[in-house]
Asker: 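Take this structure, written in structure tokens, and hold onto it; I'll ask about it next.
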Amino acid sequence: MSELLKSCMCTQAQLESASFQAWCDRLGQPRNHLHRKVWEWCYIAQALHERNLLQPGCRGLGFAVGQEPLPALFAAAGCAVTATDQPPDQAQIGGWVATGQHAAAVEQLLHPTICAPALFRERVTFRPVDMRSIPADLAGFDFLWSSCSLEHLGSLAQAEQFIFDSLRCLRPGGVAVHTTEYNVSSNLFTIRSGQTVLLRRRDLERIARLLRAQGHALELDFSPGNGPVDAMVDRPPYRPTMHLKLRIGRFVATSFGLIIQRQ
Ligand SMILES: C[S@@+](CC[C@H](N)C(=O)[O-])C[C@H]1O[C@@H](n2cnc3c(N)ncnc32)[C@H](O)[C@@H]1O
């Protein structure tokens with residue numbers, strides 16, 4: 001990959017590229033599992049790396065981190081990280097605690113094979129934050145990210161609102177990287193509310209137009225991928241491998257990454 005990563009969907013070719021495979025190694029994820037969740041973490045890391053943001057001195061803010069390995073990865077690179085997730089009572093109701101996809105303290109984010117615990121505790125802080133009402137003092141960050149989360153805020157409108165609100169946490173020129181679930185099978189109908197919503201191409205194009213009108217920069221690429229695994233659609237109960245596209249209700253979805261540079 002010689003040019004900078006764009007906002008795009010998860011593809012087999014990208015996950016099999018040398019840069020993504022190297023992130024799989026650093027994250028302790030098997031190279032050949034071809035899972036969209038691993039793609040999301042690699043995508044966020046690669047987008048920030050290409051923009052020289054994974055450096056000592058850079059400040060990063062993670063939303064809805066669950067127990068993902070990215071705070072540890074970024075701390076190992078020398079960044080100061082503020083990791084956040086929704087308050088525990090809220091997460092309990094949403095079912096995120098029972099499935100081990102929620103963090104309430106920095107200790108739950110330790111990944112000792114990625115970042116030594118002493119360094120991790122020095123560089124990472126944790127606080128509860130609801131993505132629907134971001135505290136005003138979370139500001140001036142060089143970068144921020146969220147993985148597999150904004151689609152769980154209750155509605156398409158709230159997902160969109162979060163994308164705009166999150167940009168207020170960045171310094172001018174700072175970069176936001178969000179991954180979310182994307183409706184590949186329909187640009188007309190979708191899931192607009194509930195536990196998981198699906199953004200369509202038309203939603204992403206409208207969001208992009210509004211962001212550009214405010215002076216922010218992003219480039220959208222809707223290439224669907226042409227590998228054999230790109231053509232496979234996983235069904236519940238989902239497989240741990242070869243899971244790039246999946247059936248959700250009557251739609252086919254995959255992961256989409258957004259990279260936005262604040263004006
Ligand atoms: C599918 S998990 C993803 C966790 C993690 N980012 C990962 O990639 O493994 C969804 C996450 O969204 C969080 N979440 C859901 N609603 C939220 C809200 N209103 N504010 C903040 N986080 C929320 C959950 O607590 C959970 O951590």
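Counting convention: from 1, in listed order, for ligands and their atoms alike. Positions are given from 1 along the sequence.
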Asker: Throw together a table of side-chain donor-acceptor distances under 3.5 angstrom for residues 56-74, partners on residues two or more places apart or in other chains.
Answerer:
unit_1: R59; atom_1: NH1; unit_2: G140; atom_2: O; d: 3.2
unit_1: Q67; atom_1: NE2; unit_2: H102; atom_2: O; d: 2.8
unit_1: E68; atom_1: OE2; unit_2: W145; atom_2: NE1; d: 2.7

Asker: Could you tell me which residues satisfy ring-ring contact (aromatic ring centres under 6.0 Å, His included) with F164, sequence neighbours excluded, listed by chain and number?
Answerer: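 None.
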
Asker: Would you indicate whether the side-chain heavy atoms of L198 and E151 approach each other to under 4.5 Å?
Answerer: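 They are not in side-chain contact.
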
Asker: Show the protein residues that qualify under the rule heavy atom under 4.0 Å from an atom of ligand 1, listing them in chain and number order.
Answerer: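 Residues near ligand 1: K37, W41, A64, V65, G66, E68, D85, Q86, Q90, W96, Q101, H102, V129, D130, M131, R132, S147, C148, S149, H152, L153.
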
Asker: What donor-acceptor contacts under 3.5 angstrom involve side-chain atoms of residues 116-123, with partners at least two apart or in another chain?
Answerer:
unit_1: R121; atom_1: NE; unit_2: E107; atom_2: OE2; d: 2.9
unit_1: R121; atom_1: NH2; unit_2: E107; atom_2: OE1; d: 3.2
unit_1: R123; atom_1: NH1; unit_2: A75; atom_2: O; d: 2.7

Asker: Please examine the side chains of H243 and R36, heavy atoms only from C-beta on, and report whether any two atoms are closer than 4.5 Å.
Answerer: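 Yes. Closest side-chain heavy atoms under 4.5 Å.
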
Asker: Check E205 with R209, please: is the shortest side-chain N to carboxylate O separation under 4.0 Å?
Answerer: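 A salt bridge is absent here (no side-chain N lies under 4.0 Å from a carboxylate O).
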
